[in-house]
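Along the sequence shown, the residues carry numbers beginning at 1. As the structure is a computational prediction, the values presented were derived from the model and not from experiment.
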Amino acid sequence: MSTQPAPAPLLIACALGIEQLALRAGDRGGAGGPVTVLRTGMGPAAAERSVTRMLAGPALRDAAVLATGFCAGLAPGMHPGDLVVAEETRDPRGTTACVGTDLLVKELGRAVPGRTVHTGPLTGSDHVVRGHERSDLRATGAIAVDMESAATLLSAVRAGERPVAAVRVVVDAPEHELVRIGTVRGGISAFRVLRSVLPAFFEWHRSLLLPRR
């Protein structure tokens, strides 16, 4: 009797406890394989350490990796609660191409109807970006910035060939900076969106498990 290989696991990486809480609150099952939600801690160094350590173990050695959480939008017209699906992530060490961007956009439209989904390069930073830095990063073509996605995906592909992706929820945008009034409302909006995205992540993961023709 032949046995089917075990489905590849999915590692979802976020930085903050509040992000992990949102993801766990939204988990209603439906994944195509084992799922681990990893809180890496803030910053690229913490993300690199945590992801590298997790992927070194036998349970997650072949895992697909998806980076998520909150981000700062760079493009005019972005609002808290908008979604960003990365076509690639960038940091000074290199660029990592993402897999299944179109599918994620489609599935996020189903999971969080009515929310604007932006696609493009997601850039990394080792600190919170404000003021002129935001426009400088926008000039490179990036549409959003966060501190962990680029390090997470780069660490993942360096640990072995695997599908990677990044989906972020805008909590801070050019016309809605965190230091301004309305921050709390924007944060609540972003939390609610992040709590609703897991079905899209699971569909992305399931699509990777389908036989290729």
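- Note on Val197 and Ile18: same hydrophobic cluster, where clusters join Ile, Leu, Val, Met, Phe, Trp and Tyr whose side-chain heavy atoms are under 4.5 Å apart, directly or indirectly.
- Closest approach of Val145 to Gly124, counting heavy atoms only: CG2-C, 4.2 Å.
- Residues Val167 and Leu194 fall within the same hydrophobic cluster, defined by Ile, Leu, Val, Met, Phe, Trp and Tyr side chains chained together at heavy-atom separations under 4.5 Å.
- For residues 144-167, the pairs satisfying salt bridge (Lys or Arg N to Asp or Glu O under 4.0 Å) are Asp146-Arg168, Glu148-Arg168, with sequence neighbours left out.
- Side chain of Ser196 to backbone of Arg192: a donor-acceptor contact under 3.5 angstrom is found.
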Test side-chain contact (heavy atoms from CB on, under 4.5 Å) applied to Asp172 and Val128, step by step: CA-CA 10 Å; Asp172 176 47; Val128 176; 5.7 Å; no
Please tabulate, for the side chains in residues 70-77, all donor-acceptor contacts under 3.5 angstrom to protein atoms that are two or more places apart in sequence or on a different chain.
none

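- With sequence neighbours left out, Arg49 forms a side-chain contact (heavy atoms from CB on, under 4.5 Å) with Ala45, Ala46.
- Within the structure, every pair that satisfies the salt bridge (Lys or Arg N to Asp or Glu O under 4.0 Å) test and touches residues 110-129, not counting sequence neighbours, is listed here: Glu107-Arg110.
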Could you go through residues 36-43 and list every donor-acceptor pair under 3.5 Å that involves a side-chain atom there, pairing it with any protein atom two or more places apart or in another chain?
residue: Thr40; atom: OG1; partner: Cys14; partner atom: O; Å: 3.3

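- With rounding to the nearest 0.5 angstrom, the CG atom of Leu108 is 12.0 Å from the OG1 atom of Thr116.
- Scored by the side chain to side chain donor-acceptor pair (under 3.5 Å) test, Glu48 finds Arg93 as partners (sequence neighbours excluded).
- With sequence neighbours excluded, the residues satisfying side chain to side chain donor-acceptor pair (under 3.5 Å) with Glu133 are His127.
- By the side chain to side chain donor-acceptor pair (under 3.5 Å) test, Arg138 is found to be paired with no residue, residues two or more places apart in sequence or in another chain being considered.
- Both Met54 and Val164 belong to a common hydrophobic cluster when Ile, Leu, Val, Met, Phe, Trp and Tyr are linked at side-chain heavy-atom distances under 4.5 angstrom.
- Judged purely by atom type and a 3.5 angstrom limit, His205 has no side-chain atom pairing as donor or acceptor with the backbone of Pro34.
- In terms of heavy atoms, Ala200 sits closest to Leu104 at O-CD2, 4.0 Å.
- For the pair Leu198 and Leu23, the tightest heavy-atom approach, listed with the atom from each and the gap, is CD1-O, 2.9 Å.
- Listed by chain and number, the residues in a side-chain contact (heavy atoms from CB on, under 4.5 Å) with Ala150 are Thr89, Asp91 (sequence neighbours excluded).
- Sorted by first then second residue, the salt bridge (Lys or Arg N to Asp or Glu O under 4.0 Å) pairs that include residues 60-81, not counting sequence neighbours, number zero.
- Taking Thr119 as the reference, Val85, Glu87, Thr101, Val105 meet the side-chain contact (heavy atoms from CB on, under 4.5 Å) condition, with sequence neighbours excluded.
- Here the CZ-CG distance, from Arg206 to Leu10, works out to 11.0 Å after rounding to the nearest 0.5 Å.
- One distance of note links CD of Glu203 with CG of Leu208; it measures 11.0 Å at 0.5 Å rounding.
- Val51 and Leu16 end up in different hydrophobic clusters when Ile, Leu, Val, Met, Phe, Trp and Tyr side chains are linked at under 4.5 Å.
- Hydrophobic clustering keeps Val65 apart from Leu122 (ILVMFWY residues linked when any side-chain heavy atoms are closer than 4.5 Å, directly or through intermediates).
- Among all heavy-atom pairs drawn from Trp204 and Val99, the shortest one is NE1-O, 2.8 Å.
- Considering all non-hydrogen atoms of both residues, Ile143 and Gly120 come closest at CD1-N, 3.5 Å.
- In this structure, Leu55 CG and Ser50 OG are separated by 10.5 Å, a value rounded to the nearest 0.5 Å.
- When all heavy atoms of Ala151 and Pro44 are compared, the pair lying nearest together is CB-O, 3.5 Å.
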